[in-house]
S.K.: 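After the structure tokens below, expect a handful of questions from me.
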Amino acid sequence: MPEVNEKTEYMDFIREAVAEDLRTGRFKEVHTRFPPEPNGWLHIGHAKALFVDFGVAQDFGGKCNLRMDDTNPEKEDMEYVEAIQRDIKWLGFDWEDRLFFASDYYETLYELACKLIRKGLAYVDDLDEEQIKEYRGTNVPDKNNITYTPPGKNSPWRDRSIEENLDLFARMRAGEFPDGSKTLRAKIDMAHPNLLMRDPVMYRIRRMPHYRTGNTWCIYPMYDFAHPLSDAIEGITHSLCSLEYEIHRPLYDWFVSNCEVFPSRQIEFARLNITHTVLSKRWLLQLVREKKVSGWDDPRMPTIAGMRRRGYSAAGIRDFLGRIGIAKTDSMVDIQLLEHCIREDLNASAQRYMAVLNPVKLVIENWPQGRVEWLDAVNNPENPQAGMRKIPFSGTLYIERDDFRENPPPKYYRLYPGNQVRLRYGYIITCTGFDKDPATGEVTEIRCTYDPATKGGDAPDNRKVKGTIHWVSADHAVPFEARLYDYLFEAERPMEVSEGKTFIDNLSDHSLTVEKRAVAEPALRELAVGQTVQFERLGYFCKDPDSTNERAVFNRTVTLKDSWTKLEKKLLANG
RNA sequence: UGGGACGUAGGCAAGCGGUAAGCCUCCGGAUUUUGGUUCCGGCAUGCGCAGGUUCGAAUCCUGCCGUCCCAGCCA
């Protein structure tokens, strides 16, 4: 018995099309694929594609293959194949035993090319690169200097006999001709309004060892030829891709129909763009090569590996992917939505700790000499099952430098001379004074008294203490390095640059701040690399692989929402 | 210029002829031992613009305007 519909499930336009195909019988099942080229690491834009490819298959009880779209020996590498698999697994998608390589299809592809030649639908062309471009019919200015696209011209080699083409193509494969001297082209229509249909190149000669096939081949198939046929070989029903391939669809269908192979249906959707970053392997590769970041997994990178190292959770990323939707509109998603999803997930799961990033000493004048108390602290207020832990409290503590002001601005309710504040899980204290370095003006020590009746932070007299600040006992402090990240680009759209500039010029000069003097409560020692926790009042932090036994390194994943900083800025702006 | 697509709030995005969902941001307020979380409330008399059809149009028609993509022997 089918369940009564509790609510109609949201259907994007792709799922609607797939459902329709199933209804009409165009396909009996759903089988998709994720086809990265192993020429760079996956970024959040790929994660969207993964979410669509695997998600659609799953929703319709189908399968999704992982296929390395490796048809260009110049750019591809095994390093990337491994990184790609690692990232997809981490994100939580499973291709089971279906990892494929377009390079495994080279022989089949070659045979299909011969088939097209035999059908008189492909020919070997001797035109060089420049000539091909010229013959294709590109932008030409007319007498009024308005550019237009004239019909292309047929190559003089277009009408070679089938036998000659077959022979030439075989000799191309055998390595008889130099790189670039010949191509195999589909014979379609040199006057077609869609330039892609003007006899597209199917094969080029390129003597370069391929990372998987080595020197077996010196001719390599082009994307437009290899992709639809790879889809067909795998029995892909729905070939989902990004909008820029929309114009390739007629060609996709042409190869499918003329090679007489399984007719996959290509459907295009808008790729992901996010503010304050760039989402293109080419630009990310440039950042890596020019050492603008430490590598593909630099925590500031929008790569999956970067986000993982930064402390983003796979669940948070998946939630984000689900919220942005799928459509055909070119869009630019606010990075704050991603951050919101990460915070929401981490708020529920991350253990809380106390750490001070920029410490200043706080001395409790009436604290008994040498006394240490171990106080109870809640591990995660969102999850009682996370339990409690003990934190040492003593007469000398470190507090955040920003939690004390000599001259407090309006609405500031942290520590300042004469004011009361609660030390989280500790005591309520009153600030009695402070010292400054006469040379620098920097506060060197803050003094206060504590109220013994307020142990744990409760006020028996119900007095109102607005501020609660975090702290670390000086004698028990665990020093560590905190890496604080900000957007890689201050501009919302880094690619929008003025004349003569590039996105590199838009790189922020404060995307990374290192706090080398940070200290934390002793329990921090127990954390493993890769664990993400919350430092109370500061944000979420993830233990970095750069950590050593002597000294831990923590990446700030994302700050907590901070309405005070916002208010203070506003107050400052209004004088 | 030719060809292909897309325009709903600051950013995403539902809506499929019956009178503009939801999320993020932003702005108020309540609770709070994290200025966190949570909770309440506000935020499109209008859907690129102009006409038309209709009792009724974001949805259908016509014409404009704007944005993006293609013109690699990259994918």
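Quick note: numbers below take in every heavy atom, side chains included, and nothing from hydrogens, waters or symmetry partners. Numbered from 1 within each chain, the chains take letters A, B, ... in sequence-line order.
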S.K.: Would you measure the distance from the C1' atom in B:G48 across to the matching atom in B:G66 and give it in whole Å?
M.R.: 7 Å
S.K.: Quick one: does A:Arg414 reach the base of B:G35 with a side-chain donor-acceptor pair under 3.5 Å?
M.R.: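 For A:Arg414, whose side chain was compared with the base of B:G35, there is a donor-acceptor pair (under 3.5 Å).
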S.K.: Which nucleotide wins on minimum distance to the side chain of A:Asn72, given the candidates B:C6, B:A75, B:C12?
M.R.: B:A75
S.K.: Measure CE/A:Met202 against C1'/B:C74 and give the value in whole Å, please.
M.R.: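 After rounding, the reported distance stands at 17 Å.
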S.K.: Between B:A71 atom C1' and A:Arg198 atom CZ, what is the distance in whole Å?
M.R.: 8 Å
S.K.: For A:Pro408 versus A:Tyr412, what's the shortest heavy-atom pair and its separation?
M.R.: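 For A:Pro408 versus A:Tyr412, the nearest heavy atoms are CB-CD2, 3.8 Å.
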S.K.: Tell me which nucleotide among B:C12, B:U34, B:A75 gets nearest to the side chain of A:Thr468.
M.R.: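 The answer is B:U34, which lies nearest to the side chain.
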S.K.: Would A:Asn380 and A:Gln351 count as a side-chain hydrogen bond (donor to acceptor under 3.5 Å, both in side chains) here? Give the steps.
M.R.: CA-CA 5 Å; A:Asn380 184 349; A:Gln351 289 243 135; over 6 Å; no
S.K.: Can you establish whether the number of heavy atoms outside A:Arg463 located under 6.0 Å from its atom CZ is more than 12?
M.R.: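 Enclosed: over 12 neighbouring heavy atoms sit under 6.0 Å from CZ of A:Arg463.
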S.K.: Just to verify, which of A:Glu536, A:Lys455, A:Met388 counts as forming a side chain to side chain contact (heavy atoms under 4.5 Å, CB included) with A:Tyr425?
M.R.: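 The passing option is A:Glu536.
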S.K.: Closer than 4.0 Å, any side-chain N/O of A:Thr71 to the OP1 or OP2 of B:A75?
M.R.: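 Yes, because at least one side-chain N or O of A:Thr71 sits under 4.0 Å from OP1 or OP2 of B:A75.
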S.K.: Does A:Lys75 come within less than 4.0 Å of A:Glu37, counting only side-chain N to carboxylate O?
M.R.: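 Result for this pair is no, no salt bridge flagged.
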S.K.: Choosing from B:C68, B:G35, B:G2, which nucleotide comes nearest the side chain of A:Arg537?
M.R.: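 Of the options given, the side chain of A:Arg537 lies nearest B:G35.
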S.K.: Where the side chain of A:Ile324 is defined as all heavy atoms beyond and including C-beta, which of B:C6, B:C73, B:C12 is the nearest nucleotide?
M.R.: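 Between B:C6, B:C73, B:C12, the one nearest the side chain of A:Ile324 would be B:C12.
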S.K.: Surrounding CD of A:Glu16 (heavy atoms of other residues, nucleotides or ligands, distance under 6.0 Å), is the total greater than 12?
M.R.: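 Count over threshold, so yes.
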S.K.: Which nucleotide wins on minimum distance to the side chain of A:Glu16, given the candidates B:C16, B:C23, B:A75?
M.R.: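 In terms of side-chain proximity for A:Glu16, the closest of B:C16, B:C23, B:A75 is B:C16.
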S.K.: Please pick, from B:U34, B:A71, B:C24, the nucleotide with the shortest atom-to-atom distance to any side-chain atom of A:Arg424.
M.R.: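 Comparing B:U34, B:A71, B:C24 against the side chain of A:Arg424, the answer is B:U34.
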S.K.: Counting only side-chain heavy atoms from C-beta out, which of B:A5, B:U34, B:C70 sits nearest to A:Ile247?
M.R.: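 Of the candidates, B:C70 comes closest.
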S.K.: If the C1' atom of B:C61 is compared with that of B:U1, how far apart are they to the nearest Å?
M.R.: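 About 28 Å, rounded to a whole number of Å.
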S.K.: A:Met222 has a side chain; which of B:G72, B:A5, B:U25 sits nearest to it?
M.R.: B:G72
S.K.: Would the base of B:U34 count as contacting A:Arg352 through its side chain, where contact means a donor and an acceptor less than 3.5 Å apart?
M.R.: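 Yes, the side chain and the base share a sub-3.5 Å donor-acceptor pair.
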S.K.: Hey, which sits more toward the 5' end of RNA chain B by its nearest nucleotide, A:Tyr425 or A:Lys75?
M.R.: A:Tyr425
S.K.: To the side chain of A:Lys411, which of B:A71, B:G35, B:G3 is closest?
M.R.: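 Shortest atom-to-atom distance from the side chain points to B:G35.
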S.K.: What integer distance in Å separates A:Phe535:CZ from B:U34:C1'?
M.R.: 14 Å
S.K.: Does A:Ser563 have a side-chain nitrogen or oxygen under 4.0 Å from the phosphate oxygens OP1 or OP2 of B:G36?
M.R.: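 A:Ser563 to B:G36 OP1/OP2: side-chain N or O found under 4.0 Å.
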S.K.: Whole angstrom is fine here: how far is it from CD in A:Gln131 over to P in B:G72?
M.R.: 15 Å
S.K.: With a 4.0 Å cutoff (strictly under), does any side-chain N or O of A:Arg323 reach OP1 or OP2 of B:U25?
M.R.: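 Checking A:Arg323 against B:U25: no side-chain N or O falls below 4.0 Å of OP1 or OP2.
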S.K.: Give the ring-plane orientation class for A:His248 versus A:Tyr223, where under 30° counts as parallel, over 60° as perpendicular and anything between as tilted.
M.R.: perpendicular
S.K.: Within the pair A:His470 and B:U34, is there a side-chain N or O less than 4.0 Å away from OP1 or OP2?
M.R.: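 A:His470 to B:U34 OP1/OP2: no side-chain N or O under 4.0 Å.
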S.K.: With a distance cut-off below 6.0 Å to the six-membered ring centre and an angular limit of 45° from the axis, does A:Arg212 pair with A:Phe101 as a cation-pi contact?
M.R.: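 Yes; both conditions hold, so A:Arg212 lies above the ring face of A:Phe101.
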S.K.: Distance check, C1' atoms only: B:A50 and B:A58, in whole angstrom units.
M.R.: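 16 Å, rounded to whole Å.
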S.K.: For a quick test of reading the model, state the closest non-hydrogen atom pair linking A:Met11 to A:Ala19 and the distance between them.
M.R.: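 Smallest interatomic distance, heavy atoms only, reads CE-CB, 3.9 Å.
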S.K.: Would you call the rings of A:Phe393 and A:Trp471 parallel, tilted or perpendicular, taking 30° and 60° as the class edges?
M.R.: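 Correct class here is perpendicular.
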S.K.: Any residue in residues 375-390 of chain A with a heavy atom nearer than 4.0 angstrom to RNA chain B? Just list them by number, or reply none.
M.R.: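 Nucleic-acid contacts, sorted: A:Pro381, A:Glu382.
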S.K.: For atom C1', what is the distance between B:C43 and B:A20, given to the nearest Å?
M.R.: 14 Å
S.K.: Is the phosphate of B:C26, meaning OP1 or OP2, less than 4.0 Å from a side-chain N or O of A:Lys566?
M.R.: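 So the side chain of A:Lys566 is within the cut-off, an N or O lying under 4.0 Å from OP1 or OP2 of B:C26.
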S.K.: I need the CG-C1' distance between A:Leu338 and B:C23, as an integer number of Å.
M.R.: 14 Å
S.K.: In whole angstrom, what separates A:Leu567's CG from B:C27's C1'?
M.R.: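 Between C1' of B:C27 and CG of A:Leu567: 13 Å.
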S.K.: Mind calculating the distance between CZ (A:Phe13) and P (B:U59) to the nearest angstrom?
M.R.: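 In whole Å, B:U59 P and A:Phe13 CZ are 21 Å from each other.
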S.K.: If you measure from the ring centre of A:Trp564 to the centre of the six-membered ring in the base of B:G35, is it under 5.5 Å, with the planes under 30° apart?
M.R.: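 Stacked: centres under 5.5 Å apart, planes under 30°.
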S.K.: With respect to the phosphate group of B:A75, does any side-chain polar atom (N or O) of A:Arg204 fall under 4.0 Å of OP1 or OP2?
M.R.: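 Checking B:A75 against A:Arg204, a side-chain N or O does come within under 4.0 Å of OP1 or OP2.
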S.K.: Work out how far the P atom of B:G18 is from that of B:C60, and round it to whole angstrom.
M.R.: 12 Å
S.K.: Could you give the CG-to-P distance, from A:Asp231 to B:A75, as a whole number of Å?
M.R.: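 It is 14 Å, rounded to the nearest whole Å.
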S.K.: Which residue, A:Gln336 or A:Gly457, contacts RNA chain B at a nucleotide closer to its 5' end, judged by nearest heavy atom?
M.R.: A:Gln336
S.K.: Taking the minimum atom-to-atom distance to the side chain of A:Asp562, which one of B:G36, B:A75, B:G35 wins?
M.R.: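 Nearest to the side chain of A:Asp562 among the choices is B:G35.
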S.K.: What interatomic distance, in whole Å, is found between P of B:C74 and the corresponding atom of B:U67?
M.R.: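 Roughly 31 Å separates the two P atoms.
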S.K.: Would you please confirm or rule out a distance under 4.0 Å between OP1 or OP2 of B:A75 and any side-chain N or O of A:Lys281?
M.R.: no
S.K.: Is any side-chain N or O of A:Lys570 closer than 4.0 Å to OP1 or OP2 of B:C27?
M.R.: yes
